[in-house]
Amino acid sequence: MAKIKHGYLNLKYRPKWTAEIIATYRVESKLPLAQAAQKLAAESSIGTWTKLSTLEQKTFNKLAPRIFLINQKKKIIKIAYPLALFEKGSIPQLLSSLAGNIFSMKIVDRLRLLDLELPDKYLNGFMGPAFGIPGVRKILNIKTRPIIGSIIKPKVGLSSAEQAKLAYTIWKNGVDLVKDDENLTDLGFNHFQNRVKLVMALKKKVEKETGLKKIYSFNITGLPDVMLKRAKLVKKLGGKCVMADIVSVGLDNVEYLRKQNLGLIIHGHRAGHSMFTRDKREGMAMLVLAKLARLAGIDQLHTGTVVGKMEGDKKEVTTINALMKEDWYHVNFLRANWSKIKPTLPIASGGLHPALVPKLIKILGPDLIINFGGGLHGHPGGSAAGARACVQAVEATMKKIPLKQYAKIHPELKTALNYWKNK
Ligand code: CAP
Ligand code: MG
């Protein structure tokens with residue numbers, strides 16, 4: 001049997017940042033961390049549970065990953081994997097390696113993939129977003145302020161005609177981007193094709209009346225052939241943006257859609273991500289999902305609000321959205337430079353209403369989409385008043401005027417502040 005001289009552990013090893021993928025894991029195991037790390041490194045690359053007669057030293061030297069950091073206190077390990085282990089441009093293959101079998105191993109009690117650092121050589125195999133932050137802002141002609149978005153509510157239940165009419169109303173009252181909710185696709189009472197036709201007609205009308213550009217994000221979530229058909233229909237009817245539920249459809253389908261080069265903004269909804277991102281000891285960090293989404297071609301991605309109804313603390317969301325130095329390593333994320341991959345626009349959504357806007361912008365900055373669902377359509381004065389209140393809240397914040405002061409001459413904002421004062 002061929003004898004392999006070296007293990008995977010080498011704490012003196014200096015990773016080749018330009019030719020290796022660095023994975024950071026948090027590991028809970030009954031085994032000593034270094035031992036568990038060796039087994040994880042093997043299973044995620046070239047090895048298995050036993051020595052192999054088929055594995056030559058030559059192959060090992062060329063392809064074996066190196067565990068170069070072990071932090072006992074934080075239970076963190078870092079492994080450098082040679083690029084030769086990875087197929088160019090394939091998120092599925094990357095996931096099968098670094099987020100695959102190792103999660104099922106009995107030797108680990110809990111495992112979490114915290115980060116993936118990908119060299120330019122690997123990144124170059126992907127197209128990334130077609131528009132990214134500058135592209136989306138250019139289409140809307142909005143330079144620096146937050147883009148004001150709204151999800152039609154109820155999530156599902158309105159007809160295509162009602163949906164289109166509502167979109168028109170809130171566009172007319174200052175909203176920039178209107179979107180379908182994550183579970184509205186092609187339903188008996190609201191067919192996709194009909195929705196696109198009716199919405200597009202009213203989008204044209206409102207753009208003409210206001211002289212402003214508007215976006216509608218159509219939810220094309222479905223099987224790959226169906227998604228493509230829907231995206232092509234949106235394109236044909238003059239639409240600019242489609243939405244995919246990235247966890248439900250899979251990042252491979254997002255990549256596939258991006259590769260069609262349809263010239264459409266791809267909006268990424270992350271419904272379901274918490275199944276594997278929420279527990280801080282298990283699964284995958286949202287940061288990794290955000291990186292992969294950007295790689296796959298998502299132009300604008302839901303990343304959390306900190307202040308709203310969804311889970312996601314300040315450190316996590318700001319790390320994903322913006323450039324930030326962690327206490328012990330640098331992270332890449334949506335707005336930062338990342339080889340030739342364009343930056344992705346973060347979307348704050350979930351439980352937002354006008355009163356939360358100053359705090360939200362203070363934490364996340366103005367370079368984002370702020371989405372209001374219930375916090376717009378739940379306004380006591382109806383959706384038109386709700387839209388005005390949301391716009392007024394953003395305006396006031398950007399002018400650095402306290403909301404209460406702005407509300408004195410903006411009745412819709414005043415009503416919203418009173419109505420949601422305890423939320
Ligand atoms: C928001 C929303 C979004 C969530 C997604 C919803 O509506 O439409 O899907 O924000 O969460 O259905 O909850 P509301 P995240 O404004 O009425 O809350 O952005 O964190 O992925
Ligand atoms: Mg939703």
Side-chain angles (χ1 to χ4, degrees), residues 146-158 163 166-167 170 175-185 187 190 216-221 241-249 251 254 266-278 283-290 292-294 298-321 334 344-357 359-360 363-364 368-380 382-383 386-387 389-391 393-394 416 419-420 423:
I147 292 166
I148 302 167
S150 176
I151 318 103
I152 296 285
K153 299 280 170 179
K155 278 171 181 278
V156 294
L158 301 182
Q163 185 102 2
L166 200 48
I170 58 179
V175 167
D176 308 303
L177 178 151
V178 182
K179 64 177 280 287
D180 290 337
D181 222 325
E182 68 280 357
N183 53 346
L184 177 63
T185 54
L187 300 177
N190 189 331
Y216 194 97
S217 193
F218 292 101
N219 185 5
I220 60 168
T221 295
C241 180
V242 290
M243 180 174 103
D245 297 342
I246 61 169
V247 173
S248 318
V249 306
L251 290 165
V254 175
I266 311 179
H267 177 127
H269 196 291
R270 58 176 184 162
H273 72 96
S274 281
M275 284 188 297
F276 54 88
T277 61
R278 190 165 187 170
M284 173 195 279
M286 180 58 213
L287 174 68
V288 179
L289 182 61
L292 297 178
R294 181 173 168 188
I298 292 293
D299 294 283
Q300 48 197 47
L301 176 71
H302 288 249
T303 61
T305 63
V306 185
V307 299
K309 76 178 183 187
M310 298 303 214
E311 188 271 340
D313 63 25
K314 187 173 166 180
K315 189 177 169 198
E316 183 194 276
V317 183
T318 51
T319 304
I320 295 165
N321 287 7
L334 300 183
T344 295
L345 190 58
I347 304 171
S349 185
L352 295 178
H353 55 82
L356 294 175
V357 171
K359 213 171 157 193
L360 177 88
I363 299 171
L364 300 179
L368 82 177
I369 296 174
I370 307 180
N371 255 344
F372 303 90
L376 185 155
H377 301 285
H379 191 286
S383 298
C390 294
V391 172
V394 174
Y419 188 61
W420 284 301
K423 288 276 179 196

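These numbers come from the heavy atoms of this one structure, side chains and all, not from hydrogens, waters or symmetry mates. Note that the structure is a prediction, hence the values are computed from the model and not measured. Every number for a ligand or one of its atoms is a count from 1 in the order of the listing.
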Smallest heavy-atom separation, L356 atom then V307 atom, equals CD1-O, 3.9 Å
Rounded to the nearest 0.5 Å, the OG atom of S150 sits from the CG atom of L166 at a distance of 7.5 Å
Nearest heavy-atom approach of F372 to C390 is CG-SG, 3.5 Å
Residue, atom and distance of the protein heavy atom nearest atom 11 (O) of ligand 1 read M310 CE, 3.4 Å
For G350, the atoms of ligand 1 under 4.0 Å from one of its heavy atoms are 1 (C), 10 (O), 18 (O)
Shortest non-hydrogen pair, S274 vs E311, comes out as OG-OE1, 4.2 Å
- [ ] Verify whether one side chain among H269 and S248 offers a donor that lies under 3.5 Å from an acceptor in the other.
- [x] no
Correct closest heavy-atom pair for A387 and V175 would be CB-CG2, 3.9 Å
min-distance protein heavy atom vs atom 20 (O) of ligand 1 -> R270 NH2, 2.7 Å
Heavy-atom proximity to atom 10 (O) of ligand 1, picking from S349, G312, A271, G268, points to S349
Atoms of ligand 1 under 4.0 Å from any heavy atom of D181, numbered from 1 in the order shown, are 8 (O), 9 (O), 12 (O)
**Message:** Quick check against the 3.5 Å criterion: does D176 have a side-chain atom that pairs as donor or acceptor with the backbone of I147?
**Reply:** no
Rounded to the nearest 0.5 Å, the OG1 atom of T319 sits from the NZ atom of K314 at a distance of 11.0 Å
Here the N/O/S atom of D181 closest to the Mg ion (ligand 2) would be OD1
*asked:* If you measure every N or O of H302 against every N or O of ligand 1, does any of those distances drop under 3.5 Å?
replied: yes
> Do ligand 1 and I347 have nitrogen or oxygen atoms that lie under 3.5 Å from each other?
Replying inline: no
The atom of E182 among N, O or S that is nearest the Mg ion (ligand 2) is OE1
| message | Does any N or O of ligand 1 fall below 3.5 Å from an N or O anywhere on L352, backbone included? | response | no
> Are G351 and ligand 1 in contact, using a heavy-atom cut-off of under 4.0 Å?
Replying inline: yes
Give a yes/no verdict on whether any heavy atom in E311 is under 4.0 Å from an atom of ligand 1. no
- Task: Kindly check if the number of other-residue, nucleotide or ligand heavy atoms within 6.0 Å of NZ (K155) is above 12?
- Result: yes
Among K153, K155, H377, closest by heavy atom to atom 8 (O) of ligand 1 is K153
**Message:** Taking distance alone, with N or O pairs closer than 3.5 Å, would you say T303 contacts ligand 1?
**Reply:** no
Atoms of ligand 1 under 4.0 Å from any heavy atom of E182, numbered from 1 in the order shown, are 9 (O), 12 (O)
